[in-house]
Each structure stands twice: as C-alpha cells, then as structure tokens.
Number of protein chains: 2
Amino acid sequence: MPRTRRSFSSRVTLDMVAQQAGVSPMTVSNVLNDKANVTKGKREAVMKAVRELGYQPNRAARALASATSLRIGLLHRDMDSSLLGQLLLGTLRAANLNGAEIAIRSYDPDVEGSAYAEVQTLVRSGVDGLILPPPLSEDADIVALKDSHHLPMIALAPGSELGTIPSVGIDDEQASYELTRLIVNKGHTRIGFVRFVSSNGLSQTREAGYLRALKEAGLKREPELIWAGRPTYEQGLLAAEYFLGLAHPPTAIFCSSDDIAAAIVNYAHRQGLRIPGDLSVAGFDDAPIASQTWPQLTTVRQAVSNIAEIATDRLLKALKSRSELLPETQWVAHQVIERQSIADLRR
Amino acid sequence: MPRTRRSFSSRVTLDMVAQQAGVSPMTVSNVLNDKANVTKGKREAVMKAVRELGYQPNRAARALASATSLRIGLLHRDMDSSLLGQLLLGTLRAANLNGAEIAIRSYDPDVEGSAYAEVQTLVRSGVDGLILPPPLSEDADIVALKDSHHLPMIALAPGSELGTIPSVGIDDEQASYELTRLIVNKGHTRIGFVRFVSSNGLSQTREAGYLRALKEAGLKREPELIWAGRPTYEQGLLAAEYFLGLAHPPTAIFCSSDDIAAAIVNYAHRQGLRIPGDLSVAGFDDAPIASQTWPQLTTVRQAVSNIAEIATDRLLKALKSRSELLPETQWVAHQVIERQSIADLRR
DNA sequence: AGCTTTTAAGATAGCGTTACCATCAATCTT
DNA sequence: AAGATTGATGGTAACGCTATCTTAAAAGCT
C-alpha cells in the first residue's frame, strides 16, 4: 500500500490521461508511440484526453523506461594538453546534438597495456561505442574488441588507411606532399626530413608525401637526409645536432612534428644560425609551440575539433540506426599554414 | 519473481557500485550527493568503487526520482588550447558524478562584449549556473547577472580574492612569493619581474608576492627591474630586449607567464648568453612551452583540472541543496616546479 | 460446430535513482 | 546508570513511463 506520494506537482501523467479517457495506461502509451493495434475509437478518446489535460510526456521517465540513451567512450593520453581541448569540444558537440553521453578516461602512454585496461573499464561500464584518438587505432588488442565484443569504434586521424575500423582524419600523405612542395618551390634542393621511429602508419605516410614531392621535383632520396626519432623536444635537439653536423647539411628541414621543429630552431639559434636565413624549418600539426617560437613555424593544421565531431557523429548515427559502420576512411580538409620559417632561395 | 531483464547493456548502476563497495545503494547515493553523514571510510570505499567501475549516474533515472535536472554553462576563450583540455576534463568529471549536464560555448576575446553575449545565450537556453574561467570573473556585466537573474556562478583562478562571487584557485601571491624566494635563496640580488599590464587582480597579486620576497630578503624594490606587458611570446621578446639593454641587467628574471619566460630564453640564446649560466629565468603556469624550451623552465603549476572539478562540484552541490553559494575564495595547493633555468650563484 | 489463430486491451514488472522513514549503535544527558 | 538524543546506515516505495507477457474476445479454419 502506498505510503505517501512524493510529488505534489500537479503535473499531468500518463495515468491521469488513461483515467480520463477510460482506458488503461498501456493503451495511452501505445497511442502516443503510434504502436500497432489500437482501435480508432480508443485512439481518439486518448487524444482527446491528452488535449484536454495538456499532457506532455516526461522525458526522463521515457528515457529510463525505454533505455534508449547512448553512451560512448573516449580514451585520451594523460597530459596531452594541446589536442585534448579541441578533441573534447568536437566530441561533446556531436554528443549533445545526438542526445548521447560520453564517458572519458585517460591512460598513461608509458605503461604497457594501460590503454587496453582503461578500454576494458569503459566496456564494463557499459559504453555503446568507442572513439579512438591517435595512436590508439594501432593498438591491436583494442581494435580486436570490435569483433569480440561487437563494440563499434571509430579512429581519429589514423595517419593512414586502416582497413580494419572506420576513421576520420586528414590526408597526411597529401599534406606532407604539399608542404614539401612548398619548400621545393622556394628553391631548396637539400631538404632534410624527420620521421617517427615507430612502425605506425603516420611515419610512413608522411614520409611518402615528402618523397613524392622530391621525386616530382627531380630530386633524389638521400638516406642521410632522413632522421628518425620520437616526437619530443629532446629528440628534436638530437636531430638538430645530427643534421647540422653533416658535412653537407640541408638548407631546410621538414619535421613530422612541431616539437621537433621548434627544438631544431632553438638549437640552431644557439649555434648562431639565423632562421630562416641560414636554415629553414617546417613542422606539422600547428601545435601552440609552432606560433610560440621565433620565427613562427610554417606547418600543417588539422581541424581537430571538426575531425572529432564528424567521427563522433558518424559513430552515433550508426549506433542509432543499428547499422554496421563500414571501415572506411573519411578525409577532412587540412590547411598548410605558411609563416616565416622557410627562406626563399630564389631571390 | 523477476521475469526477464530488459536491459542488455551491462551498464554500471548504482547497485553494482554498492555491491563492490560493500555498502547499501542508499549510502552510495548519499555519498554522491554529499548528503547527510557518511563516514570517511565508507565514503572512500564508494569513491574507489566508482573510479574502478567507471560509474556514471543515469541522468534519466536521477531526473525522474528527484524531479530535478541540472545544467550549467561553461564559457571559454576561443583557441585557448592548452588550458581548455584540463578545464573541460575537470568540469566534466564533476558534472558526470553529479548527473548534471554542461553547456559549453566559446567567445572571442578580441570582440568587445562577445563574452557577455554568449553568457546571455546560455542563460536563455536555461542553465542553472555558470562556471567562469579567467579572466571572466572581471567582467562586471557578467558578474551582475548573479543578482539580476539570480544566477549562481563560480570563478576559476581569479588571481585575487573577489568578494563578489565565489571562486576556486591557487594563492597567486603565495606562489609568486615562493618562487621569488627560491631565486633569492640561490644568491640572486638583482631580480627582474615581468607583470601583466592589465589592471586585473592577477598582475597585482603576483607582483605583491614578488615584492614580499624581496622585502623579506632585505632587497629594495627597483622600478627599472619591473616591466609590464601582455602575456605573449612577442611581448616577451620586447621584455628581453629591455632587460638586457639595461646598464646593469638583472641576473634573474621572474615572469608572470611561461610564454614570456620562453621568449626571454630564446632571445638571450640569440645574444649568445647561456641559460642559466649568464641569465636565470622563471615562468608561471607550467604551460607546455615551459618544458619544450631548453633549459626547461622553473615555474609554478596549478592543477587546472582539479580547480575546475572542485569549482564545478561546489556549484552543483549548492544548486542541489538549494543553498546560497557564499562568495568565498577557496584555495587549492600549487606546486613550484624546479627545473634547470635558475643558476645557483652561491657556488 | 468445434477447433486453432489472430488481435485489442490490460496486468505486471521493471528502468536506476532518490525521498522518506526505521533501525540500531554510539554518545550525551541528569 | 538508565533514559534521551544524536548520527550513521539501509529498507522500501515511488518517480512516470515502456517491454513483455497474458488474457479474453474476435476471426478464421476444416
């Protein structure tokens, strides 16, 4: 037996409509949801009662009862400040528009298996899908969950076509090609390149663009002009040391990361070189540091928040329509940002 | 006897958290809503379980049971990449645990009144409260909405005690004092200071800390050692030019911003000076650039995501309990990060 | 007509929380 | 020391709706 009613609010409920219409609550629900079999008479009686009482369904109750709300997980690298903001912004925008919720967790890139452990927590916590910022699309364990747990996922800026899971990002090969061509067009013929050491898609894709531009300009690939390292400032200092120590150093260096480029600029300054007068440098990503360096770096910008928004939207739409998400790569426009770090040798 | 379970999603519920923590569901609810009196032990056990399971309250259920749903607005500077991530992270964490929703909007700091216009949009869209990251707590129009629209708000890192609205941040004066003292203790007696030009709280608070440390060490305030500018890399170059052009330049420069400090390091390098051998430099904020410079900068770190989380939580708790939010400043611990940019002159 | 199949309508049991007590141990009276 | 007060904890029902199953009547079949 009911003890006390909690709500004093005179809000009209479905039960009141049912009573007024002389039918059961279920019938009212069925009418309102346009369900199968309701006779015309009852349907009209219900609608009349709804109108008279000014009934409006309670969204919260409906959501709770129909368990229709979507939740997607987003994993991010701890301490990855510059991208994170844009990433969250884009994801949240798409999630809000789709009435979905997002669950965020961070992992420590220095701990083996940390990302996978966090994904498992997300899965256990009941997410319906996953957003994978780089470099998570290269984690085989995580990607495997797609089939083993039938967990839809989409990768952000994968660096290269994956084939296994859907993704959204810029065309890295093309962007790299365009930036290299810009350097070539300014008359440089000895152009250094810093690639990533890892065997991931990115390192190869960006190098491919660099090589394509060289080839097109009739320049040979010179192994001594390619240096591999991790994308950190410290590694950039090593790269600078290497390039400037060559018997015949490059006149320009294109780096796969702004951190490295900034380090090279800094190192060169300490050697008394002028940038871009004595050495031209280009970066990639348009991280904050690219414009907090002097001279500011010519680089490539990818619209991170757009990429995140598009990917999230695509994932949610697929989830809603219960349709399979095809493992297609979707490309978003990038932008070559020309600033002052590349000298024009033609003059 | 339960017939069938309807939900297929293994979403983590409050009951599961209760079981994991070894308490009743009610206790979990009480912990999450900061209700009544829960012992520290239970409270921690619950929070631990929440973290482990990645629990997020079901908003629909909460709204239904409590007949309330909260939405708070967060305004951020467009393009403010490095802080934004941490800011969102903290805010979302608190919002999720409280089952609240957050509405995010950006404003253009270069357009007069842009922030106010965006706030109005938020208000019209029906937010129940507002989070104000710096420097919004200094916008009189926005703060006035607190009373005119009875809109609760809380400021982040206000830089100084406001008196008008509640806030959460570090004690800037104390942090500035501590960093200056660290420089003093290394034997420096001519210490330059870069303050912000604006008349906001921050510029004065940080300068006050600098002056307090000088005074304590028996050093005089020398006007020529204080330079004012905006917190940008370009301005930092001007500051460097100024300080190094003095007849009797400082041996150390403490900057109210890492951007400025990094610019000074860079400028000094180009002048052939060694850092910290010939010039010591310290920054403030521990922005990414502080560790992407060589040598890495000694600076002050504020836990932005914590600050945002605490503030959001405080706002939401007040909203739920329908209690007035007192205009108190709440201080969060800061951390002086000592790296390699300050020379020890005593040896 | 006697039987099975369809169909409208309703009964029942949750969905995941929180409000509102009831309980029992701990602390405080006098 | 016995009774009274507090305070932590949890049992129970309810929030307003929908999924699922059941029923009883209507319709279809041989």
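Every chain is numbered from 1 and lettered A, B, ... according to where its sequence line falls, protein lines coming before strand lines. Just so you know, these numbers come straight off a predicted model, no measurement behind them.
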Phosphate OP1/OP2 of dT9(D) contacted by Lys35(B) side-chain N/O (<4.0 Å): no
The side chain of Asn33(A) is closest to which nucleotide in this list: dT18(D), dC17(D), dG10(D)? dT18(D)
From the list dA19(D), dT17(C), dT9(D), which nucleotide is the closest neighbour of the side chain of Met26(A)? dA19(D)
Spacing between Asn58(A) atom CG and dA14(D) atom P, to the nearest angstrom: 18 Å
Residue pair Thr312(B) / Arg93(B), side-chain donor-acceptor N/O under 3.5 Å: no
Without decimals, in angstroms, what is the distance between Leu70(B) CG and dT17(C) P? 16 Å
Answer with base, sugar-phosphate or nothing: what part of the nucleic acid does Pro25(A) contact at a heavy-atom distance below 4.0 Å? nothing
Starting from P on dG16(C), measure out to CG on Asn30(B) and report it in whole angstrom. 20 Å
Grab the two heavy atoms, one from Ala115(B) and one from Leu75(B), that are nearest each other, plus how far apart they are. O-CD2, 3.6 Å
Please determine if a side-chain N or O atom of Ser24(B) lies less than 4.0 Å away from the OP1 or OP2 oxygen of dT9(D). no
d(CZ, Arg62(B); P, dG16(D)) in whole Å: 18 Å
Selected nucleotide, minimal atom distance to Ala65(A) side chain, candidates dG10(C), dC15(C), dT17(C): dC15(C)
What is the distance from CD of Gln19(A) to P of dA9(C), rounded to the nearest Å? 19 Å
Grab the CE-C1' distance between Met16(B) and dG16(C) for me, whole Å please. 12 Å
Does OP1 or OP2 of dT9(D) have a side-chain N or O of Thr27(B) closer than 4.0 Å? no
Enter the distance from Leu315(B):CG to Ile310(B):CD1 here, rounded to the nearest 0.5 Å. 13.5 Å
Charged N to carboxylate O below 4.0 Å: is that the case for Arg314(B) and Asp34(B)? no
Heavy atoms from C-beta onward define the side chain here; which of dA19(C), dG16(C), dT9(D) lies closest to that of Thr13(B)? dG16(C)
Please step through salt bridge (charged side-chain N to carboxylate O under 4.0 Å, His left out) for the pair Lys48(A) and Glu52(A), ending with a clear verdict. CA-CA 6 Å; Lys48(A) 179 156 169 281; Glu52(A) 283 172 4; 3.3 Å; yes
Using a cut-off of 4.0 Å on non-hydrogen atoms, how would the nucleic acid contact of Lys40(B) be classed: base, sugar-phosphate, or nothing? nothing
What is the distance, rounded to the nearest whole Å, between atom CZ of Arg59(B) and atom C1' of dT18(C)? 17 Å
Would you mind telling me which residue lines up with the more 5' stretch of DNA chain D, Leu64(B) or Lys42(B), judged by nearest nucleotide? Lys42(B)
Any Ser66(B) side-chain N or O less than 4.0 Å from OP1/OP2 of dT18(C): no
Separation of dG16(D) atom P from Tyr55(A) atom OH, nearest Å, is 10 Å
